[in-house]
Amino acid sequence: MNNKRENFGSRLALILAMAGSAIGLGNIWRFPYLVGQNGGAAFIIVYLVSCFVLVLPIFMAESIIGRRTRLSTFGAMKKLAPGTPWKWLGLLTVITPLLILGYYSVVGGWSIDYLWKACTLRLTHDTAGLFPIFISSTWEPLFAFTLFIVATAVIILLGVKNGIEKFTKFCMPTLFVLIVAIVIFGLTLPGSSEGVRYLVKPDFSKIDAGVVAAAMGQAFFSMSLGMGTILTYASYAPENENIMASGIGTTFADLGFALLAGFAVMPAVFSAGIQPGEGPGLVFDTLPYIFSQMPSWIGAIVSIVFFLTILMAALTSSISVLEVGVAYLVEEKGIGRVKSTIIITLIGWVLGIFCSLSFGPLSGAKLFGLTIFDCMDKLCSDWLLPLGGLLFTLFVGWYMSKTDVRDEFTNHGTTNVGIFNVVYFLMRYLAPLGILVVFITNLVL
Ligand code: TRP
C-alpha cells in the first residue's frame, strides 16, 4: 500500500481491501453491544438510515478526493485547496487513528486472549463470569493488548500485500460461514426467540438524540470513514473504476456482517439471561456461552476457528488505522517508515494501556461519568469521525467545483450520470445537516 504509483488491479481487489478495513471488530464486537445498549431494533433502523443517508455520500466524498488527487489526506488537501486552512483537516487523520489504534488494540488483545482460551479448551464448559474476571485483571489483558498492537506494527512494516491480504481473502468467507452457523445454532437455544423479537420489533419511543448519535458514530466507525482511510484506499483505485459501485459493495458487505453478528449474539444473550445493555464485554460473554452449549468437540473447533478469524478481521482493520497515521508522518514529515511506525505504535500503546486498565485498576477514573475506554471510544465515534466526515462532505459539496466532482464521480461522464445529482444533493445538504443536528443536540442535551 505504500507505493504511490501502484493501483489495485481490479474492482474485486479494491472492494476486498475496503471491505477488509471496514469489516472488523466494529461489526462483530461493537455493533451487537450498541444494539443492546440502545434499545434493539429501533437502533438498527436508525443505523440503516445512517448507512444510506450519511455513509454513502461521505464514502463518495472521500473516494472522490482520493482518486482525484491520488494522494493521502494531507497532500490531497494541499493539492486541491492550496494555501487554505483545509489542510488542517489532515490533522484529524493523525489524531483520530492514534486514539482508535489505542482502544481498538485493547479489544484486539481480548480476541487474542480468547483464542488462547479456546485453544486450551477453556471455552467448552461453563464460562459464566470468565470475562469480568479476565477484564478486571491487570497483566493478562495488557499482555494480549501489547501482542496485538505489535502484530499490527509488524504487518505494516512487512508490507501488507502478500501476507495479510491473501490471508483475508481466505478469512472473510470463513468468518461468514462460521457466523451463519452460529446464528443457526443460536436460534435453537431455548428462549432465543425473545432475542429475535428484540432485533426485529422496534420500539420507536427508544429513539433519542443519544441513540441517533450512537448509530451515526457506529456507521462511521464500521465503514472506516471520517479519518481518511477510504480516501487513501481510493487513491489507489483504478482510473476506470466505478467508485459508486465499490462504495455500495463495501456498504452491503459491512452491513451484512454487522446484522449477522447481531443475530449471532442477541438470541443467545436472551437464552443465557445476559443483560443486552451490559456494554463492551457483551460478545465476549455471549459467544463462549454458545460454544459451551455445543457438543464439546464441536465447540472446541468452532471456538478456535472463530476467534482466529475474528483476530484476522481485527488485524486487517487495525493495520488500516495505523497506516493512515504512518502515511502522514512519512509523506508530510519525511520521517522514515520504520521510525514512523514505531512512533505511532508507541503513542497508541501508551494510550491503550490506560484503556486496558480502565476495566480494572483504573475503573474508578472517570470523565463525564465514563471510563477512559468509553471516553476514547465515544470521543472518536461520536465526535471525531463524524467531524471528519462533515468536513469531507463540505469540502466536496461546497469547496470543489461541481464540474470536477461530477467528472470524478461519473468517470468523466461514462457511468452513474443519472444518480450523480441525488448523491450530490445528499453530500451538499442532507449529510452535513444530519451531522450538525446530531452534534448540536448532543451538545445541548
Ligand atoms: N472499520 C473497522 C471495524 O469495523 C475499524 C476501522 C478501520 C476504522 N479503519 C478505520 C474505524 C478508520 C474508523 C476509521 O472494525
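In listed order, ligands and their atoms are each counted from 1. This structure is a prediction, so every number in the text was calculated from the model and none was measured.
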_Centroid separation F284 to F134 less than 6.0 Å_ = no
_Listed partners of W86 passing side chain to side chain donor-acceptor pair (under 3.5 Å), at least two apart_ = none
*Are W29 and ligand 1 in contact, using a heavy-atom cut-off of under 4.0 Å?*
no
*With a 4.0 Å heavy-atom cut-off (strictly under), which part of L385 contacts ligand 1: side chain, backbone, both or neither?*
side chain
_Nearest-contact summary for atom 6 (C) of ligand 1 - protein heavy atom, Å_ = S224 OG, 3.6 Å
*By number and element, which atoms of ligand 1 are closer than 4.0 Å to a non-hydrogen atom of S320?*
7 (C), 9 (N)
*Evaluate the ring planes of Y399 and F395, with Trp represented by its six-membered ring, and classify them as parallel (under 30°), tilted (30 to 60°) or perpendicular (over 60°).*
parallel
*What protein heavy atom is closest to atom 4 (O) of ligand 1, reported as residue, atom name and distance in Å?*
A22 O, 2.8 Å
_Could you check whether K378 makes a cation-pi contact with F368, meaning its NZ or CZ is under 6.0 Å from the centre of the six-membered ring and within 45° of the ring axis?_
no
*Do me a favour and list the nearest non-hydrogen protein atom to atom 2 (C) of ligand 1 with residue, atom name and distance?*
S21 O, 3.2 Å
_Taking the six-membered ring for Trp, are F148 and W349 closer than 6.0 Å centroid to centroid?_
no
_Ligand-residue contact atoms, ligand 1 with G24, heavy atoms, under 4.0 Å_ = 3 (C), 4 (O), 15 (O)
*Below 4.0 angstrom, N of the basic side chain to O of the carboxylate: do K78 and E332 qualify?*
yes
*Give the atoms of ligand 1, by number and element, whose distance to some non-hydrogen atom of N27 is under 4.0 Å.*
4 (O)
*Note the single closest protein heavy atom to atom 5 (C) of ligand 1, along with its residue, its atom name and the distance in Å.*
Y104 CE1, 3.7 Å
*Can we call the ring centroids of W110 and F359 under 6.0 Å apart?*
yes
*asked:* Closer than 3.5 angstrom, by distance alone: can the side chain of T316 be matched with the main-chain N or O of G20 as a donor-acceptor pair?
replied: yes
_Test your reading of the structure: does G26 have an N or O sitting under 3.5 Å from an N or O of ligand 1?_
yes
_Please report whether ligand 1 has a polar contact with L25, defined as an N or O pair separated by less than 3.5 Å (distance criterion only)._
yes
*Within reach of ligand 1, part of I100 (heavy-atom separation under 4.0 Å)*: side chain
*Pull out every atom of ligand 1 sitting under 4.0 Å from any heavy atom of S222, numbered as shown with elements.*
1 (N), 4 (O)
*F252 and F52: aromatic ring centres closer than 6.0 Å?*
yes
*Which residue owns the protein heavy atom closest to atom 11 (C) of ligand 1, what's the atom, and how far is it?*
F221 O, 3.2 Å
*Shortest protein contact, atom 12 (C) of ligand 1 (heavy atom only)*: T229 OG1, 3.3 Å
*Strictly under 6.0 Å, is that where the ring centroids of Y47 and F31 end up?*
yes
